[in-house]
Structures are given as C-alpha cells and as structure tokens.
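Contents: one structure, followed by commentary.
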Amino acid sequence: MEVKKSKTLILTEKPSVARDFALALGVKGKKDGYLENDDYIITWAVGHLVELFEPQDYDPKWKKWSMENLPILPSHFHYKPIQKTQKQLKIICRLLSKNTPGQVVIATDAGREGEVIARTILLMGGVPAENLEKSEKTKRFWTSQALTPQVVKAGMDSLKTAGEYDRLWRAGQARQIADWLVGMNGSRSATIKLNDLFSIGRVQTAVLALIADRRRERENFKPEPYWIFKAHFENEKGDWWGAWFKENQTRILSEQDAGAIREKVENRTGHVVSVEKQKKNQAPPLLYSLTDLQRDANSRFGFFAKKTLSIAQALYENKKCLSYPRTEARVLGTQNISLVKKIIDKLSLSYPKTFQNIVPERVNEKYKRVFDDSRLTDHHAIIPLAPLPQQASADEKTIYDLVMKRFAAAFHADCEYEQTNIVTQVETETFHSQGKRILKPGWRTVYGMASEKKAGSEDDTEDENLPPLEKDDPAKVIDTKIEHKETSPPPEYTEALLLKDMTNPARYVAENELKQIYRGDIGLGTQSTRAQIIETLLMRKYVQRQKRYLIALDKGCLLIDTLRGFEKAKILTSAEETARWEMQLNRIAQGEESGQTFLNNIKTFIHDLVDEFKSGKIEPAKAAESSPLVQNPPTTYGKCPRCGGDIIEGKKGYGCSRWRKEDGGCRFVIWKTIAGKKTPKSAVFQLLQNGTTQKIHGFTSKQGKKFSARLKIDLDQENLQSVVFDF
DNA sequence: GCAAGGTC
C-alpha cells in the first residue's frame, strides 16, 4: 500500500526568489500562485500580505477623529489581510492547511521584516505557534548570498528551527506596533489641534526636522567676510602658486591684513622651506547600495530617488540585467565568487574597454573589500547580471552604466598617486602648495580621467603638477592675489544630500557609545522606504521641490515648531532619538532587551504625547518669539517701486510683471548679477521693502577691483538701471 | 484622513 508522500512547502518573500528556488530544486509544475512537483510546493508572498488592524477595527469609537478618544492604545494587536494581495494570501493559506503533515520552510528575506512577513502569514494560515518551537515541522532558510542554485541547495541542507528566530519576530512586531501607535496618535493629535491634516511618524517627522532646520539655519545665517592671499613664485625650475597660511589658519579676517601681507612679500624673494612627497593609494569605491546609487544618480543626473528606484526595479524585474536593488549592502558574499567570474566573462564581451584591466587576483575571497560576509544582511550590493538589452531606454542605460562601471572598478587595481606638499617662505610669511600626480590610474581608467577631480575645497591650492622643487630653492614672488570670500551657510538639501543624512544620522549623535550608528548600520528609514518618505513629505505639503532642492514649507516648519514646544513630543524631531529607538529594536532581536519593556515605554510616551497635545496651548505669538515662523518662499518678491505691480523672478532678473513685449509697459528690474556678484534674494526683499540694502561684499569693478557697497533704488535712473551702488 | 515596512 502506498502512503502519499508529504511535501515540503517553501514560502518566499517575492516571486523572483520563488523562481530561484524552483530553478535550484528543479520544480517545474506551474500552478496558480505556486509551483509544485512531487517533493516541493514553492509559493511566495508579495512583500507584506498582512497588516495591523485599523483603529476602528478595535473599537468603532475610534472611527471619529477626536481628542477625547485619544490615546488609541489597544490591549492586544490583531492582523488582517491587505486587500490588494488577499488572493495570494488565500492561496498560501490553502496550501498551508492542505499541507499540514508536511514541512514548511520559511524562506523570506534574511532580516527583521522578512521574519514579520512570514510569521504574520503563518498566523493567518492558522499554523500553530508550537509548530515553530523545536519542531521539525517549521524551518527557516537563511542566507545573505545571491540565490544561485548552489546557495539554495546549501541553505536547504542547513535549515534552522524556525523558533530560533523568535526574537527577530518579536523585534519586528515591536517595530510595527510602535510605529502604528506613534502614527495613529500623533497624526490625529496634531490634525485636531492644528486644524489641518498633519501626519506624524517616527521616520517622516525626523526627516522633516532635518529639512526644516536647514531652512531656518540658512535664513538666520549671517555671512562673514574673509580673504585668501595667494602668491605666485618663480625660479629657474618653473613657477607655482602658494596659499598663505599661519599655523592652521588660511583665512585672513580683514582686507587690511591681507594688504599688509602683500606689502611685505611683493617682489621679494624667499625660499622653499620644505618639500614632502607621499605615495598614496586610493582603493576603488565600494559597490552600490540602493541609497548610494540614488545619491549618485541624483547628484550626477538630477534623478529623484523615486525615479532611480523604479528604473533599477525595472532593470531587475523586466530586463533581468541588474541584481535585486533594494539592498543596503555594499559588498558581496564569498559564495558569489563563481557568479562574479561568470558575469565578468559575459560583460567583457559586451563592454571590452571597461573590463580590459580587471585584476584577476581581486576576484578572490581574500579580497575583503568586495567579498565580506560579515557586512551582508538580506541582500548583497547591486551588481550587473547581464549586458543591458538593446531596447533599454536612455534613463535605464544611465542607471545601468553607473552600476556596471562600479562593478568593473571594484576589481581594478588601486589608483596610485604621489602627493607633494611644499611650503615656501618669504620674509616671515609662509605659503602652502599641493601637487598631485597620478602614477597608476588603476580603477580610474573605468571612468576616464575627467571625473577624477574632486569638488574643490575652498582653499584649493593649485592641484597640479609642481616644478621639481627642493628644499632651499629660491622663490621669487612675481604676482599676488587677494581673494574676497564669504562664509557660506549649510547647503540646501538635494535628495542626494538628504539620503546621505538619512543613511548616516551619526553626525547628529554626540556619543561614541552608539557604535552601530557610526558604522552606518542604523539610519532613518530603510532602503525600500526612503524614496517613499520623501514623497510623503511632498504630498503633505510639508516640503516643496524647487529645482533640485527640497525646501521646507511653512506647514512643515509649523509642525516641527509645535512638537519642539512639547517636552516629550519633541523627541520625534530628533534623528538621534529615533536612531536610539532603532538600537533598542536591535537589542530585542539579540535577546538583550524584552519587547514588552520597549512597548511599555512606547505606551508611556504615547500617553505623554497625547496629554501634551490635549493640554498644550499653541500660542502663535509665543512660538514666533522663540523661533520665528518663516514665510513660504514667495512667488512674488514684492511690489514694483515704480508702478506697484508684482515683482516676479525672471531668467536674468527680478522684474515687474507689467512688462510687456509689445509696448514695453513697466520695465523695472533688479538684475540677478550685479558687478560680477550674484544678487542675494535677501537683498531683493530689502530693496523692495526699504529701497536699500545692507552692505554687500564681493562686487568687482570694471577695472577688476573688488569692492563693497550698499544697493539702493534710484527712480531717477532709467528703468533697467534703477538699482545703483551706495558707497 | 493617520505609520513604516515590504513588493510590484
């Protein structure tokens, strides 16, 4: 008599992984929502299939948004299917119940959320909790490697008991519940109190605070003038520029002091005090994580994070030429070496120039910069898998090229260069010159030499080849230069910059103890959600895009100001605090802290938060005093002093909207560049409001001399020259 | 109408 053999059911996080398993295990029978043969059933989730109840699912009174019904703190939390994917959930649940005698293998991604995705599905499928404990019935497949057939088979041969990952599941659940509590209670409190739809969340609010703070810092910034002095030297070996310095200081705080140095050294002859040569190696850049790719694509091509993600997704999913994009790793696993060799062989045919100088010894597990298992989590770095198909779009080619070149560069030799530091002295003044000479370009050949120059730092001494100088060589001063500069405010956030600060909140954290944050393991949001968080801030009208920049709007600043006015609630505006939160979740996953304690603390916080909103007074006057509420960047800059029309921004100037092509109309204009200096927007406001400005530095006269002056409006002048200097 | 985390 034949007993029907029980099958092993494998649950993956997404269809593509199910395909990898099917290939490795030779499962070919395609069914609706799963694959099956005599030994295996392979089915898949589509990310999360299950979500937490909504407030009104616990109690109908929570349907209405009202202060008296807050806080929302259910005593137990329940899950329900996500509507969009309920069909697939039903299929999995049916398979689970049909397969009761067989084994279940959890093969969702190796991480906290992967665990949550699987556990919530098993919960809905009625898999008893005891099946997860020390049972042969439910197993966990765990690897961070790319799912080649060898990796899948090896993983299936070393399955763990699912119960070993309970702590990870608890950490994941704590994350979900904490985020839900903050979101529901915070959003409703703020919305009711401020009379407009406001959303609050652990990640979005901390990110919004970064952008709002940046706007305020820039608005409050007072530029300080300083001067840089440079001397041009010559002797029989050649000529070179040097920048004045004294101890660590290169800035000169008054024009008089700079002039005094000029007096002292002009036409004199000094000598070379020291020549230092250093050979340096620069390793190839690490492979791309999604955020790194989004940052590069944004700063080089202006792509939004969302756009880069969707292109990378298409190249992964449809064109099959990139690996899984939503990864935070910047390395590969040691088991990926044979895969890498195959890819290099394949791509060398399509892109021979890029791959011709690969160093074969670097395609080796000993090369830890690329192959490092200890720095892998769910997925390895983004790499090309195949050449780009012919029909790809231009944008797809752009993203593909970035990834393909990074990949090629990773297996090239280091770039070797020689750095020379020279100090020249004239009288008692010292000057610094730095030269850089590339000895072996190494990986830089992949990018061509043009991209080698870094963004110029402010004291960019001539970064070129210096003459072959030696100590005590004479140095005659043949020219000098005084450069007028101004300290500049922190830059406006581009997406690239914001993604960087989201990945690495370390700069906001003072204490060294938070080592994980320093290692970059912890950030605001995750690879999969960062682009989406930015979109949420835009959708809520907290933030606005202006060209490449993300600028906080009044609504966003108001929320941050309001939260900062509360003792407890203000921690939501701190990247540091939310990073600590994330660390506690890690401790739960490690078994060093209990999820219950964590959630109790969160509940206390929720009580405080709601109380603060309930009793807190929002006094606009007081808020304005402590931190002035800022105005939205306006579309009009003020009234035309000549005709009273609106002043609007044009291409070359801020002009009167009553200007007309046909008959001229009013032609009042404040030019965007005046005497070689970009006109600051603050000056435009001042001119239109007061008719004059503060003293502005950095103008250049027709004779090439730098000067400072106020600007003022003189209506006796012609329309196009209504703005004049006031000395 | 509210979060953040997945995936498509």
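Predicted, not measured: the structure shown is a model, and the values here were computed from it. We name chains A, B, ... by the order of the sequence lines, and we start the count at 1 in each one.
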With heavy atoms under 4.0 Å as the rule, sort [X] into base, sugar-phosphate or nothing.
| X | answer |
| --- | --- |
| A/Asp109 | sugar-phosphate |
| A/Val46 | base |
| A/Glu317 | sugar-phosphate |
| A/Thr529 | base |
| A/Arg530 | nothing |
| A/Gly186 | nothing |
| A/Pro15 | sugar-phosphate |
| A/Arg112 | nothing |
| A/Thr191 | base |
| A/Gln88 | nothing |
| A/Ile200 | sugar-phosphate |

Contacts of [X] that satisfy ring pair (Phe, Tyr, Trp, His ring centres under 6.0 Å) - sequence neighbours left out:
| X | value |
| --- | --- |
| A/Tyr165 | A/Trp142 |
| A/Tyr34 | none |
| A/Tyr40 | none |

For A/Trp44 and A/Ala18, the nearest pair of non-hydrogen atoms, with its separation, is CE3-CB, 3.5 Å
Whichever of A/Trp180 and A/Ala45 has the more 5' nearest nucleotide on DNA chain B, that residue is A/Trp180
By nearest-nucleotide position on DNA chain B, the 5'-leaning member of A/Ile72 and A/Glu13 is A/Ile72
Using residues 106-125 of chain A as the side-chain source, report each donor-acceptor pair under 3.5 Å to any protein atom, sequence neighbours left out, with the distance given to one decimal.
unit_1: A/Thr108; atom_1: OG1; unit_2: A/Gly114; atom_2: O; d: 2.8
unit_1: A/Asp109; atom_1: OD1; unit_2: A/Lys14; atom_2: NZ; d: 3.2
unit_1: A/Asp109; atom_1: OD2; unit_2: A/Lys14; atom_2: NZ; d: 2.8
unit_1: A/Asp109; atom_1: OD2; unit_2: A/His379; atom_2: NE2; d: 2.8
unit_1: A/Arg112; atom_1: NH1; unit_2: A/Glu582; atom_2: OE2; d: 3.1
unit_1: A/Arg112; atom_1: NH2; unit_2: A/Glu582; atom_2: OE2; d: 3.2
unit_1: A/Glu113; atom_1: OE1; unit_2: A/His48; atom_2: NE2; d: 3.0
unit_1: A/Glu113; atom_1: OE1; unit_2: A/Arg175; atom_2: NH2; d: 3.2
unit_1: A/Glu113; atom_1: OE2; unit_2: A/Arg175; atom_2: NE; d: 3.1
unit_1: A/Glu113; atom_1: OE2; unit_2: A/Arg175; atom_2: NH2; d: 2.9
unit_1: A/Glu115; atom_1: OE1; unit_2: A/Arg140; atom_2: NE; d: 2.7
unit_1: A/Glu115; atom_1: OE1; unit_2: A/Arg140; atom_2: NH2; d: 3.0
unit_1: A/Glu115; atom_1: OE2; unit_2: A/Arg119; atom_2: NE; d: 2.9
unit_1: A/Glu115; atom_1: OE2; unit_2: A/Arg119; atom_2: NH2; d: 3.3
unit_1: A/Arg119; atom_1: NH1; unit_2: A/Asp166; atom_2: OD1; d: 2.8
unit_1: A/Arg119; atom_1: NH2; unit_2: A/Ala162; atom_2: O; d: 3.0
unit_1: A/Arg119; atom_1: NH2; unit_2: A/Asp166; atom_2: OD1; d: 3.0
unit_1: A/Thr120; atom_1: OG1; unit_2: A/Val116; atom_2: O; d: 2.8
unit_1: A/Thr120; atom_1: OG1; unit_2: A/Ile117; atom_2: O; d: 3.1

So salt bridge (Lys or Arg N to Asp or Glu O under 4.0 Å) across residues 602-613 of chain A, not counting sequence neighbours, yields A/Lys568-A/Asp608
Taken in chain and number order and not counting sequence neighbours, the residues that satisfy salt bridge (charged side-chain N to carboxylate O under 4.0 Å, His left out) with A/Lys397 are A/Asp401
By side-chain hydrogen bond (donor to acceptor under 3.5 Å, both in side chains), A/Arg94 pairs with (sequence neighbours left out) none
The correct set of residues in residues 160-172 of chain A placing a heavy atom under 4.0 Å from DNA chain B is none
Outermost contacting nts on DNA chain B, any atom under 4.0 Å from chain A heavy atoms, listed 5' then 3', are B/dG1 to B/dC8
**Message:** Less than 4.0 angstrom from a charged side-chain N to a carboxylate O is my criterion; do A/Asp292 and A/Arg406 meet it?
**Reply:** no
